[in-house]
Amino acid sequence: MAPPYDLILKGGHLIDPKNNIDTPNQVAIKDGKIAAIAPDLPDTATQIIDVSGLYITPGLIDIHMHAYGGFNAWLFPDPHYLNTGTTTVVDTGSAGWQDFENFKDTIMDNSVTRVLAFLNIAGGGMTGAPEQDTNGMSARRCADTILQYPQHLVGTKSAHFGGLGWESTGGAIEAARLSNSITMVDFSPKPERTYAEMLARFSPGDIHTHVYSTRTTLLNDQQQVNDYAWQARQRGIIFDTGHGNQSFYFHIAVPAMQQGFPPDTISTDLHRRSRLLSNATMDTTMSKFLALGMPLQEVIYRSTWRPAEVIRRPDLGHLSLGAEADLAVLDVLEGDFKFVDSTRSHFPGRHKLQCHMTLRAGEVVWDMHGRSFPLWSDCLPY
Ligand SMILES: [Zn+2]
């Protein structure tokens with residue numbers, strides 16, 4: 001008789017915000033899917049892994065990163081994400097309709113991490129300077145590519161546009177409507193096109209990324225969250241973190257969080273320049289929100305189920321029975337930690353998330369301390 005399960009994670013504390021679970025639980029996996037969750041399961045599995053003292057969560061989802069698009073930006077997803085518990089990433093506009101298929105063939109189809117994308121309204125994506133080339137912007141072609149690849153593309157992207165008009169942001173919004181999807185915008189306002197007007201042009205579900213950057217005016221001169229931001233949130237506009245190199249400032253995040261304006265989604269905007277000094281990895285970015293006073297359960301929610309909802313992928317970000325077994329096993333370290341923002345100053349914190357183990361579709365793909373491996377002397381002779 002074959003054991004009923006392939007693998008059981010035992011001894012952990014499960015946080016699964018979609019299913020309202022925040023209790024000690026065992027998780028059983030069969031054929032890459034969640035097969036059972038209960039405080040006590042019979043020890044009937046091919047492999048049992050002890051994760052006592054650690055948290056088990058759905059695999060993390062980062063809806064803003066760069067896995068393509070030229071030497072200045074991109075990072076291969078697997079070595080920068082699987083070791084942080086992140087199993088799904090959404091590349092944000094690195095490719096446009098002209099180079100999407102190359103992105104898919106080279107990176108998406110060859111990564112263990114699930115790689116999705118927002119398609120840039122600029123035809124050539126972020127390679128070179130096509131984000132300024134309004135001739136390459138075609139809402140129709142952008143939308144048609146999204147409709148052709150619904151399993152890979154979740155919406156459109158506009159970013160880094162320096163022109164005075166609405167060609168980029170307006171085109172990305174139009175392409176999102178044409179493809180029945182959403183847009184994510186990185187906005188650099190001009191007197192001719194303001195942040196408030198951008199939010200007004202959005203439909204519910206559209207995303208402003210870099211919510212705590214200095215480019216846009218989340219706060220007024222009295223350090224209060226502007227009325228138009230509250231109103232946008234009330235009608236369903238999404239505010240994303242998009243930490244990055246130049247887009248996360250504690251002097252904006254602290255008052256905004258104190259006034260009850262957290263980001264909907266925690267994301268990194270991870271790329272070459274944000275990887276080292278600001279260390280905007282998923283686990284570190286989440287730790288910054290712990291330091292800012294966001295409870296752990298909410299940090300997990302805004303890194304799992306909430307981003308899945310935002311990108312309209314309700315199959316992801318939770319551990320319901322039958323869901324793909326993407327999981328993170330996390331520790332919350334205690335100590336004196338320092339977290340760096342885009343000013344290169346630091347913010348102190350007492351807790352830091354550390355990923356011990358990551359499972360993607362039921363396979364252990366990261367195991368920091370070898371919990372899933374046998375004792376060396378049990379394996380002799382080699
Ligand atoms: Zn970005």
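Just so you know, these numbers use all the heavy atoms, side chains as well, and skip hydrogens, waters and symmetry mates. Atoms within a ligand are numbered from 1 in the order they appear, just like the ligands themselves.
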statement: Taken in chain and number order and not counting sequence neighbours, the residues that satisfy side chain to side chain donor-acceptor pair (under 3.5 Å) with Asn83 are none
- prompt: Do you see an N/O/S atom of Asp269, backbone or side chain, under 2.8 Å from the Zn ion (ligand 1)?
  reply: yes
Any N, O or S atom of His271 closer than 2.8 Å to the Zn ion (ligand 1): no
message: Is the terminal nitrogen or CZ of Arg233 (NZ for Lys, CZ for Arg) located under 6.0 angstrom from the six-membered ring centre of Phe261 and within 45° of that ring's axis?
response: yes
- request: Establish, for the pair Arg193 and Phe187, whether the NZ or CZ atom is under 6.0 angstrom from the six-membered ring centre and no further than 45 degrees off its axis.
  value: yes
- prompt: Are the side chains of Phe339 and Ser287 in touch, meaning some heavy atoms are under 4.5 Å apart?
  reply: yes
task: For the Zn ion (ligand 1), find the closest N/O/S atom on His64 and give its atom name.
output: NE2
